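Here is the structure we will look at.
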2 protein chains.
Amino acid sequence: MAEKQRRKPGETREKLMNAALTLVGKGRHFASLGIREVTRQAGVVPTSFYRHFRNMDDLGLQLVDELGLVLRRMMREARANVLQADKLIEESVAIFISHARANRSFFMFMAQGLAGESRAVQEGIRSEMRYFASELANDLRRLRLVDHLNDQDLDMTSDLVVRSVAFSLTDLLGVSPDDDYQIEQIRKRTTRFLQLIFVGAANWKSPG
Amino acid sequence: MAEKQRRKPGETREKLMNAALTLVGKGRHFASLGIREVTRQAGVVPTSFYRHFRNMDDLGLQLVDELGLVLRRMMREARANVLQADKLIEESVAIFISHARANRSFFMFMAQGLAGESRAVQEGIRSEMRYFASELANDLRRLRLVDHLNDQDLDMTSDLVVRSVAFSLTDLLGVSPDDDYQIEQIRKRTTRFLQLIFVGAANWKSPG
DNA sequence: CACATAAGTGTACAACTGTGCACAAAGGTC
DNA sequence: GACCTTTGTGCACAGTTGTACACTTATGTG
């Protein structure tokens, strides 16, 4: 069993990932972070970095994995809380916003990574979004809210929903986390976006 | 008239801006560019930089201004070519894609800037998008395609359209500029996104 | 044409960067 | 308890960075 022998460790590893995340949360762009900077923030000697990551891109990739966990937690909570279908959109957007607030740095990293420097990180985040969209499509299918849509159109709708929400991230991260008024505005707007999309889906007729 | 006394010059200035753009086009992230790197690419001595820009953020801001011009050119072309309303969406998306191709670096800079490091650049790009959306709303009003929408709902629709297209940028910039097949896929998908949104707008009833 | 101002160059330096290497302290396995 | 592997440290070094300063060259104005 020479597979996973990191039994206790991963302490510094975690410190480094948190350090990078912290710097991102402070407004720095991930692409501009250096190894020394991150290790300094983590309170570790620079060469320690190489014990866990090959370079900053590698660290970024591992952050994407953790981001996946955060997103999955969010999805689980949404599924648990959205009981009646009529408040589906409001509830989901509210949950999204609350998670984005609680994990601000993570979501900043996500927003940055979409147009980031590392192709691999970019692809990783995009893949997380695809997964998210496909799960959303499954839920919609299960709830039978959009029965008239074929699979392809349902996928398109889910994709558009996820994108719209993701774009709202940019708005959300642009305002102070304490600015309740602005956040409320963003929540309302995002909600209306999704409502508009669903009205479109409800009246959609597949071409042909 | 001591206003604009840069009569002939601005040569190096332009070289520097193009250099930054070129580097971004090569896959680098703007936030990770340094003064020396840019001047090197421009074939200019490092200290020359300060004759034109205070720092990299300043250069970024000036790039946003130029980006505005690019966007306005695109808008003009779209208005000139979209004669009959039935092909409005297809035509507009096609024009967008062709401009994104022709000015790849510029649009990369735009996509990066939305979640970039400089708050000012971020705000600048966002402002360009708002302007774009408001112009789109005007056009839609003029074409009387969505007469039943009040101003606020029309603004929302335009905003969502612009965002969806902007997000497609991320897709577009993620594939090779020569990959015609993938680009065609993105074109089709973006088109359907917009169609879905417009179906939503056509059936939208303002709440209340 | 003289001259002020702007644009561009060269040199210099202290600070910081990534990373290689040798060693020290843990931790688990026999 | 001997031993190996992983994790963390200290030191070193060459390369790069931003920027200050003093200089040369161009350029448009009186």
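Naming: A, B, ... by sequence-line order, numbering from 1 per chain. Given the structure is predicted, the values throughout are model-derived calculations rather than measurements.
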Separation of atom NE2 in B:His52 from atom P in C:dA7, rounded to whole Å: 6 Å

Which letter, B, S or -, goes with each nucleotide of nucleotides 13-23 of chain D from 5' to 3', with contact meaning a protein heavy atom under 4.0 Å? ----BBBBBB-

For B:Phe109, the ring pair (Phe, Tyr, Trp, His ring centres under 6.0 Å) test, sequence neighbours excluded, returns B:Phe30

Of A:Phe106, A:Tyr131, A:Phe107, the residue whose pairing with A:Leu71 passes side chain to side chain contact (heavy atoms under 4.5 Å, CB included): A:Phe107

Please state whether the phosphate of C:dA7, meaning OP1 or OP2, lies under 4.0 angstrom from any side-chain nitrogen or oxygen of B:Thr12. no

Sorted by first residue and then second, give each ring pair (Phe, Tyr, Trp, His ring centres under 6.0 Å) pair with at least one member in residues 154-193 of chain A; sequence neighbours left out. none

Does any pair with a residue in residues 56-95 of chain B pass ring pair (Phe, Tyr, Trp, His ring centres under 6.0 Å), and if so which ones, sequence neighbours excluded? none

Gap between atoms CD and P, on A:Glu11 and D:dT6 respectively (whole Å): 19 Å

Nearest-Å distance for atom pair CZ/C1', residues A:Phe49 and D:dT7: 15 Å

Whole angstroms only, please: what is the NZ-P distance between B:Lys15 and C:dA7? 14 Å

For residues 48-64 of chain A, which residue pairs pass the salt bridge (Lys or Arg N to Asp or Glu O under 4.0 Å) check, not counting sequence neighbours? none

All ring pair (Phe, Tyr, Trp, His ring centres under 6.0 Å) counterparts of A:His29, not counting sequence neighbours: B:His29

